[in-house]
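Below is one structure, written out as structure tokens; comments come after it.
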Amino acid sequence: MEKSQPEHLKSAGLKSTLPRLKILDLFTSGQDRHKSAEDVYKQLLASGDDVGLATVYRVLTQFEHAGLLVRHYFEGGKSVFELNEGKHHDHIVCLQCGHVEEFYDTTIESRQKKVAAELGFAVHDHSLHIYADCTKTKCPHKPKGA
Ligand SMILES: [Zn+2]
Ligand SMILES: [Zn+2]
């Protein structure tokens with residue numbers, strides 16, 4: 001059975017406060033799985049919730065420490081959060097607008113293991129971030145004239 005949001009918080013050792021519930025809700029019900037602190041802040045503002053950016057940062061960090069969210073550090077100092085669902089995937093990030101897509105490619109996965117094995121390593125984990133420009137999806141922050 002699916003856990004309710006307060007149950008999720010409780011099992012992570014966190015009390016249910018309004019900002020925590022709202023932020024968790026954005027991650028479980030939103031379409032974009034990857035959000036920066038600014039994305040979260042803007043989405044809360046857009047839905048009329050008065051939660052300050054400092055609170056957003058604090059809650060996201062608490063969620064990260066509690067294992068509810070995973071944080072990915074991308075080039076350029078940008079970091080995004082996503083629900084910790086324990087499934088490995090890699091990321092492709094638009095350098096213009098920060099749009100993130102995730103992917104899982106069995107060939108890439110097995111090639112990496114093979115390369116590591118040839119060098120005498122057994123892989124525990126890896127993270128692959130591809131930096132690119134949006135082409136198919138609309139990139140709203142593309143600089144003019146680009
Ligand atoms: Zn992801
Ligand atoms: Zn883009």
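We count ligands from 1, going down the list as the structure has it; atoms in each ligand are counted the same way.
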His99 N/O/S atom closer than 2.8 Å to the Zn ion (ligand 2): no
Audit row: Lys114, Glu118, salt bridge (charged side-chain N to carboxylate O under 4.0 Å, His left out) steps and yes/no: CA-CA 6 Å; Lys114 192 166 174 286; Glu118 282 165 9; 3.0 Å; yes
N, O or S atom within Glu102 nearest to the Zn ion (ligand 1), by name: OE1
SG (Cys94) to the Zn ion (ligand 2) to SG (Cys134) angle, given to the nearest 10 degrees: 90°
Identified side chain to side chain donor-acceptor pair (under 3.5 Å) partner of Glu102 from the options Lys87, His89, His72, His88: His89
Path from Tyr57 to Val51 over hydrophobic side-chain contacts below 4.5 Å: yes
Cys97 atom SG and Cys139 atom SG as seen from the Zn ion (ligand 2), angle to 10 degrees: 100°
Vertex the Zn ion (ligand 1), rays to NE2 in His34 and OE2 in Glu82 - rounded to 10°: 100°
Closest heavy-atom pair and its distance - Leu14, Ala66: CD1-CB, 4.1 Å
2.8 Å cut-off met by an N, O or S atom of His89 to the Zn ion (ligand 1): yes
From Asp25 atom CG to Arg20 atom CZ, the distance as rounded to the nearest 0.5 Å: 15.5 Å
